[in-house]
Enquirer: 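First, the structure itself, so that you have it in front of you.
The sequence lines fix the lettering, A, B, ..., with proteins before strands; numbering per chain opens at 1. Note that this is a predicted model, so its numbers are computed, not measured. Side chains are part of it too, since the values below use all heavy atoms of this structure and drop only hydrogens, waters and symmetry mates.
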Amino acid sequence: DVKVTQSSRYLVKRTGEKVFLECVQDMDHENMFWYRQDPGLGLRLIYFSYDVKMKEKGDIPEGYSVSREKKERFSLILESASTNQTSMYLCATHPPTDTQYFGPGTRLTVL
Amino acid sequence: GENVEQHPSTLSVQEGDSAVIKCTYSDSASNYFPWYKQELGKGPQLIIDIRSNVGEKKDQRIAVTLNKTAKHFSLHITETQPEDSAVYFCAVQKGGFQKLVFGTGTRLLVSP
């Protein structure tokens, strides 16, 4: 079974803090994705990566950056957290001939 | 870019009834259409998918139909059970890199 883990299920941070969300997959997949999920808006793609040290902007990259130093790990970084970044963050991996597999999500609250 | 609309946003049915969720897309080059189920506190999980060379696919109580001409596809759940209660997302992929564009989700509530 594909396993995608995210470092925290719940996270509370203050405005202006630097926030790291970690995602790890155990299947050696090249493609990894970060989404945010908000009620009524579905899942929106923030960034994706198709290889180590490679990254591409998704639909809503503003205020975020990513890091992919190792194939199994894809990190989402909020350089200076703001209240409008309060959301559910989902990481996913995508094997070559299959669909995306999601982690359990991190619910981030920025106060 | 691709635009995916999903309806309804909420759906309440009685146990044993059927439920239908519909999605429309804009890019005729899209060729892969998965459906995900998200239970409370979990990430979305694939429940069924269909590719553009197929018109219908069934897996026990769930089925997906695709109308490429009209650019819409639907999820059908028969004999609904309380454990079917969840949020359902449709998605669309257009070849190439495997990016998915998601619908806005449907909250299904099945009452005993």
Enquirer: Measure the shortest side-chain to side-chain distance between A/Leu43 and B/Phe89 over non-hydrogen atoms and say whether it is less than 4.5 angstrom.
Expert: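 Sidechains of B/Phe89 and A/Leu43: in contact.
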
Enquirer: Got A/Val4 and A/Phe102 here, is their nearest side-chain heavy-atom distance under 4.5 Å?
Expert: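 They are not in contact (no side-chain heavy atoms under 4.5 Å apart), so the answer is no.
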
Enquirer: Less than 6.0 Å separating the ring centroids of A/Phe74 and A/Phe33?
Expert: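 Not close enough - the centres of the two rings lie 6.0 Å or further apart.
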
Enquirer: Does any non-hydrogen side-chain atom of B/Val13 lie less than 4.5 Å from one of B/Ser18?
Expert: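 With C-beta onward as the side chain, the pair stays apart.
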
Enquirer: For residues 102-112 of chain B, give me every residue with a non-hydrogen atom less than 4.5 Å from any non-hydrogen atom of chain A.
Expert: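 When heavy atoms of chain A are the reference, residues 102-112 of chain B contributes B/Phe102, B/Gly103, B/Thr104 within the under-4.5 Å range.
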
Enquirer: Just so I know, are the side chains of B/Tyr88 and B/Leu11 near enough to count as touching, which here means a heavy-atom distance under 4.5 Å?
Expert: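 They are not in side-chain contact.
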
Enquirer: Rounded to the nearest 0.5 Å, what separates atom CE in A/Met54 from atom OG in A/Ser49?
Expert: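 Here the rounded value is 8.0 Å.
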
Enquirer: Cluster question for you: counting only ILVMFWY and a side-chain heavy-atom cut-off of under 4.5 Å, with indirect links fine, are A/Met27 and A/Tyr101 together?
Expert: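 Same hydrophobic cluster.
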
Enquirer: Does this structure show an ion pair linking A/Arg44 with A/Asp38, if we count only N-O contacts that are shorter than 4.0 Å?
Expert: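 A salt bridge is present here (some side-chain N lies under 4.0 Å from a carboxylate O).
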
Enquirer: In the structure I gave you, are the side-chain heavy atoms of A/Lys3 and A/Thr5 within less than 4.5 Å of one another anywhere?
Expert: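 Yes. Closest side-chain heavy atoms under 4.5 Å.
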
Enquirer: A/Val24 and A/Leu108: same hydrophobic cluster, using ILVMFWY side-chain contacts below 4.5 Å?
Expert: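 No, it is not one cluster - the side chains of A/Val24 and A/Leu108 are not joined through contacts under 4.5 Å.
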
Enquirer: With chain A as the partner chain, list the residues of residues 34-73 of chain B whose heavy atoms fall under 4.5 Å from it, by residue number, and write 'none' if nothing qualifies.
Expert: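 Residues in range: B/Pro34, B/Tyr36, B/Gln38, B/Gly41, B/Lys42, B/Gly43, B/Pro44, B/Leu46, B/Arg51.
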
Enquirer: Taking side chain as everything from C-beta outward and backbone as N, CA, C, O, which of these in A/Gln37 sits under 4.5 Å from a heavy atom of chain B? Side chain, backbone, both or neither.
Expert: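 Just the side chain, heavy atoms under 4.5 Å.
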
Enquirer: Quick one: of A/Arg107, A/Gln6, A/Arg9, who has the most non-hydrogen atom pairs under 4.5 Å with chain B?
Expert: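 Result: the option with the highest number of such pairs is A/Arg9.
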
